[in-house]
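Whatever order the structure lists them in is the order used to number ligands and atoms, beginning at 1.
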Amino acid sequence: MRFDLITIFPEFFTGPLDHGILRRARETGLVGVNVQDLREFTKDRHRSVDDRPFGGGEGMVLKPEPLFEAVESLLGCGVGDASKPGAADPKTAIVLMSAAGKLFRQETARRYAQLERIVLICGRYEGVDERVAEHLATEEISIGDFVLSGGELPAMVVVDAVTRLIPGALGNEASSQNESFSAIKQESTASGERAGQAPLPQPEAVNACGRTKPESAVTNYPLLDFPHYTRPAEYRGWGVPEVLIGGNHAEVAKWRRAAALEKTRRNRPDLA
Ligand code: SAH
């Protein structure tokens, strides 16, 4: 997977790309991330990327020319409607980060993880000339119902969420099958053993619904993750639920299923 991030603040990405799963995925070549300075595609002395809005009003708007030219240069072909690379090449997406876009969800991340290349356009100021959304981007995406000052953080959110779904990115630490929004939830089979410590009681590889039916028979809806606990078994008087310490795998699976449902109802009644 290759990501191209088009931004007026290339240095913004120095930290976020250099830690944990993302760092490892880049080091092992699982993903490549290219940060493209939009100003390289300006032609005037001031390297201006923005201009005042037609029709008046507050703030500045990112001009279309540098953005079209940046994407064309990255993809090595002409873009715009008829030859939109996303349309021509179903393995490439050109994503405009926008508070007015369609909501980015786990299913969007899963779809993106199947692609070969994602170009992410980071807006700034009042936003981006609409012709970019209409004729250049293949998708206009929002990361939530709030307004940020730029598309860099949203683009990072997309890079992170997609990368951890690429097979091999998570290593043995965790499984993306076993998380909030993964729809079909399964228990982790990781031992959780740490050097010099006795293993914690772990359930067998049974699904979180406590059923023995095959996956396809498990109700498919976006349940949030179940609550996790680790040592100490008692902290400041707050104990770990007894059932997790008991080592009865079927009971653990039942408890987790119920706790995940309870938490979903409490925090996200819209999903329950
Ligand atoms: N005037 C715009 C907000 C512009 S914020 C509006 O009211 O919708 C400047 C830039 O930040 C946007 O162009 C976009 O790239 C980015 N941005 C802000 N909020 C975002 C969000 N929730 N999701 C994705 N990108 C966002």
In terms of side-chain geometry, is the basic nitrogen of Glu152 or Arg124 positioned less than 4.0 Å from the acidic oxygen of its partner?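 Judged by the 4.0 Å cut-off on N to carboxylate O distance, Glu152 and Arg124 do form a salt bridge.
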Between Asp129 and Arg131, does any side-chain N to carboxylate O distance fall below 4.0 Å?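 Salt bridge flag = yes for Arg131 with Asp129.
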Neighbouring residues of ligand 1, heavy-atom cut-off under 4.0 Å: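 Met97, Ser98, Ala99, Gly123, Arg124, Tyr125, Glu126, Gly127, Ile141, Ser142, Ile143, Gly144, Phe146, Val147, Leu148, Ser149, Gly150, Gly151, Pro154.
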Please report the shortest heavy-atom distance between Gly59 and Glu126, naming the atom on each side. CA-CG, 3.7 Å
If only side-chain N and O atoms count, and only distance matters, is there a donor-acceptor pair under 3.5 Å linking Tyr112 with Glu139? yes
Pairing residues for His19 by the ring pair (Phe, Tyr, Trp, His ring centres under 6.0 Å) criterion, not counting sequence neighbours: none
When you look at CG of Asp44, are more than 12 heavy atoms from neighbouring residues, nucleotides or ligands closer to it than 6.0 Å? yes
